[in-house]
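If you're wondering where the values come from, they're calculated on a predicted model, not measured in any experiment.
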Amino acid sequence: MASLLHDLLVGTLDRDGGVTLQRQLYQAIQAAILQRRLPVNHKLPSTRALAEQLLVSRLTVSLAYDRLLDEGYLYARPGSGTFVADTLPQVKTGVPAPDTPDQAPLSARGKAINARFGAVARAEGAFVGGVSDADLFPFHIWKRLHNRYLSKRQAHLAGYVDQGGYRPLCEALSAYLYAARAVRCSPAQVIVTQGTHQSLDLVAKLLGDPGDTVWVESPCHWGAPVVFSAAGLHCAPLAIDAQGACLPSAVPAAAPRLAFVTPSHQYPTGNIMSLQRRRDWLAYAQANNLWVVEDDYDSEFRYDIEPMPSLQGLGGEERVIYLGTFSKVMFPGLRLSYLVVPEGLAEAFGKGLIQLYRPGYLSIQAAMADFIQEGHFARHIRKMRAEYAQRRSCLQQCLDEAFGALIGYSAGQAGLHLAVRIGAPGTARKMLAQAPAHGLVLRGGYSVEPDADDDNLLVLGYGGVKVGEIEAAVQRLRRLYDQVAAGPAPAPVV
Ligand SMILES: Cc1ncc(COP(=O)(O)O)c(C=O)c1O
């Protein structure tokens, strides 16, 4: 039976030319993947079937597949076959790809937005970074609550948001954040957004002007520099040490208006900001009219002791913009996040939200309010905290056994990922490119400056991998490490 790959390749092989069939095959499949003519996760025909369809030797096909597997264009699932990988390799290929951002007719800003594409589409698997386990989410309860608000009687919730968010949700959040994070705010200071990217965009546009500088922790969540730069801000990196984001020793001539930090669990290193450092940041912000953007994205998951109060709750009501998200506790596709802004900014942020995004989703916000008020939220957090703590210690134990002193990882007992320092400089970057061939999803490249050398940092998320799957995944990681450490295999000659 012919396959999509056969249809793409038929008639393209030049049997009399100077280029080997194996190389032609490799280049043609590589181009089809880069140009997305072969979709992500598409299953390729077996080497035997493709060899028969194309009338070439099976060895020719095997060697072409092997090279594509090594370079991360394909991944193999033992017993199931060979598939198109969902992470394009980071090597430059020279293959013309007419729809790449470089060639698309975009503005300079559009090109910059595309250049550092950072999202991983996978929601589960070893070791997708920072995802929650939606398998364990009580969808039956969520469905019942949401259904309450999907009726003609509730038709008023089918309209636009007319303030910072649905008022009962803002009330539930202000009570929850005070109890859990010591955040002090009235419901009017809570602004509900559709994800942290939107929260950052709102902050950047309402508190910064194009050309202003924002200090950003480096390394950091890939989205922050993308959103800030797209809003016209210049991102200046903040170093991280064991106490969290460092206060800069030198202040640029045009003093920054904003600083973006993750004190509860620095993303991605995992460091937890010390109390003294928090006080230093607050004092600096107060003295210099700096807005501190505190992203408290996964503080619900602390496994050893009670988390430290938020920066906002430590006396930062006037200078801190507090950010939270439901992605980690609920599920990321919900697209529900929030900001708490100082009292004097509340009305302007409510208006800004409406001016820029014209938000809706009131029925979802209403269901979320009930989910919190009826106790489901607290119950789900407790259940998932125990589950993730178990996964984290299992992952740590497996890493210790498999790698010993070859790796070091973040100490903070918190969150949904471990940040691992691995091997000599360059090791992690090579592992990223080859991970799909080992059935792994890895991420790196978190520096604010695109060319900075953070390339022995890997993020291993455990939200998308069950305890029973961790050991085998760590063994695959060790094989990948050994393969990279052994250096490139000699190019096959056919
Ligand atoms: C530092 C940080 N903040 C926030 C988020 C959540 O983003 P969102 O609310 O857009 O899902 C993430 C997700 O991984 C993150 O790493």
Side-chain angles (χ1 to χ4, degrees), residues 122-125 128-150 165-166 168-183 190 192-196 199 264-265 267 295-307 309-310 322-340 361-395 412-417 461-470:
R122 293 267 294 270
E124 56 168 12
V128 181
V131 290
S132 56
D133 191 341
D135 250 12
L136 299 178
F137 182 74
F139 282 108
H140 60 291
I141 297 176
W142 179 249
K143 196 162 130 190
R144 176 164 55 78
L145 300 186
H146 194 202
N147 272 344
R148 279 181 191 162
Y149 299 102
L150 296 174
Y166 183 64
L169 177 59
C170 298
E171 285 164 4
L173 270 171
S174 94
Y176 162 72
L177 292 173
Y178 179 64
R181 306 295 302 122
V183 169
V190 179
V192 180
T193 59
Q194 288 172 15
T196 300
S199 300
S264 293
H265 188 223
Y267 193 88
D295 183 4
D296 207 27
Y297 64 104
D298 67 1
S299 60
E300 289 83 3
F301 301 119
R302 177 89 201 235
Y303 309 117
D304 45 357
I305 50 170
E306 283 289 303
S310 65
Y322 176 92
L323 266 55
T325 178
F326 288 115
S327 293
K328 311 290 176 185
V329 177
M330 305 286 284
F331 50 94
L334 187 62
R335 304 320 294 135
L336 211 51
S337 301
Y338 47 88
L339 305 99
V340 173
Y361 288 161
L362 284 164
S363 62
I364 290 179
Q365 294 190 29
M368 191 67 233
D370 288 359
F371 196 82
I372 296 174
Q373 273 158 348
E374 293 179 14
H376 309 296
F377 190 65
R379 216 169 6 257
H380 188 55
I381 290 175
R382 275 198 301 278
K383 177 173 106 178
M384 296 313 290
R385 198 181 283 142
E387 172 68 32
Y388 293 141
Q390 207 190 347
R391 292 184 193 190
R392 184 185 176 91
S393 73
C394 174
L395 177 58
Q413 291 285 325
L416 299 176
H417 74 275
Y462 44 83
V465 53
K466 310 268 190 250
V467 167
E469 299 160 0
I470 290 177

Judged by modelled atom types alone, do His146 and Ser363 share a side-chain donor-acceptor pair under 3.5 Å?
-> yes
Would you check if there is a donor-acceptor pair between the side chains of Ser199 and Ser337 at a distance under 3.5 Å?
-> no
All heavy atoms of Asp370 vs all of Arg148, minimum pair found to be OD2-NH1, 2.8 Å
Arg335 versus Ser327: any side-chain heavy-atom pair under 4.5 Å?
-> yes
Given the options Tyr388, Tyr462, Tyr267, His417 meets ring-ring contact (aromatic ring centres under 6.0 Å, His included) only with Tyr267
Would Lys143 and His140 count as a side chain to side chain contact (heavy atoms under 4.5 Å, CB included) if you check the C-alpha gap in whole Å, the side-chain angles of each, and the deciding distance to 0.1 Å?
-> CA-CA 5 Å; Lys143 196 162 130 190; His140 60 291; 5.8 Å; no
Applying the ring-ring contact (aromatic ring centres under 6.0 Å, His included) test to His380, which of Phe137, Phe326, Trp142 qualifies?
-> Phe137
Tyr338 versus Thr325: any side-chain heavy-atom pair under 4.5 Å?
-> no
Expected output: side-chain Tyr322 to main-chain Ser310 donor-acceptor under 3.5 Å | no
Out of curiosity, Arg392 CZ to Ile470 CD1, how far, rounded to the nearest 0.5 Å?
-> 11.5 Å
Report the distance from atom CD of Gln365 to atom CG of Leu169, rounding to the nearest 0.5 Å.
-> 5.5 Å
Looking only at heavy atoms, the pair that brings Phe331 and Ala134 closest together is CB-CB, 4.4 Å
CE of Met330 to CZ of Phe371, rounded to nearest 0.5 Å, is 4.0 Å
How far does CD of Gln390 sit from CG of Leu395, to the nearest 0.5 angstrom?
-> 12.5 Å
Student check: side-chain heavy atoms of Leu145 and Glu374 closer than 4.5 Å = yes
Where Arg302 and Ala414 come nearest, the two heavy atoms and their spacing = CD-CB, 4.0 Å
Just do the side chain to side chain contact (heavy atoms under 4.5 Å, CB included) check on Val329 and Phe377 with the steps written out, would you?
-> CA-CA 8 Å; Val329 177; Phe377 190 65; 3.5 Å; yes
Is Tyr176 close to Tyr178 at the side-chain level, that is, under 4.5 Å between some pair of heavy atoms?
-> no
Drop me the distance from Met384's CE to Leu136's CG, to the nearest 0.5 angstrom.
-> 4.5 Å
Give the minimum heavy-atom separation between Leu416 and Asp298, together with the two atoms involved.
-> N-OD2, 3.8 Å
May I ask you to decide whether Arg385 forms a salt bridge with Glu306, counting only side-chain N to carboxylate O separations under 4.0 Å?
-> no
Flag for Asp296-Ser264: side-chain donor and acceptor within less than 3.5 Å | yes
Does Glu387 come within less than 4.0 Å of Arg391, counting only side-chain N to carboxylate O?
-> yes
Can you name the nearest heavy-atom pair linking Gln373 to Pro168, along with the distance?
-> NE2-O, 4.1 Å
CE of Met368 to CG of Leu362, rounded to nearest 0.5 Å, is 15.0 Å
Take atom OH of Tyr149 as the centre, draw a 6.0 Å sphere, and report whether it contains more than 12 heavy atoms from other residues, nucleotides or ligands.
-> yes
Does a sphere of radius 6.0 Å around CZ in Phe139 hold more than 12 heavy atoms from other residues, nucleotides or ligands, not counting ones at 6.0 Å or beyond?
-> yes
Side-chain contact test, heavy atoms from C-beta onward, threshold under 4.5 Å: evaluate it for Glu171 versus Val190 and give yes or no.
-> no
Least distance between heavy atoms, Ser132 atom then Lys328 atom | CB-O, 3.2 Å
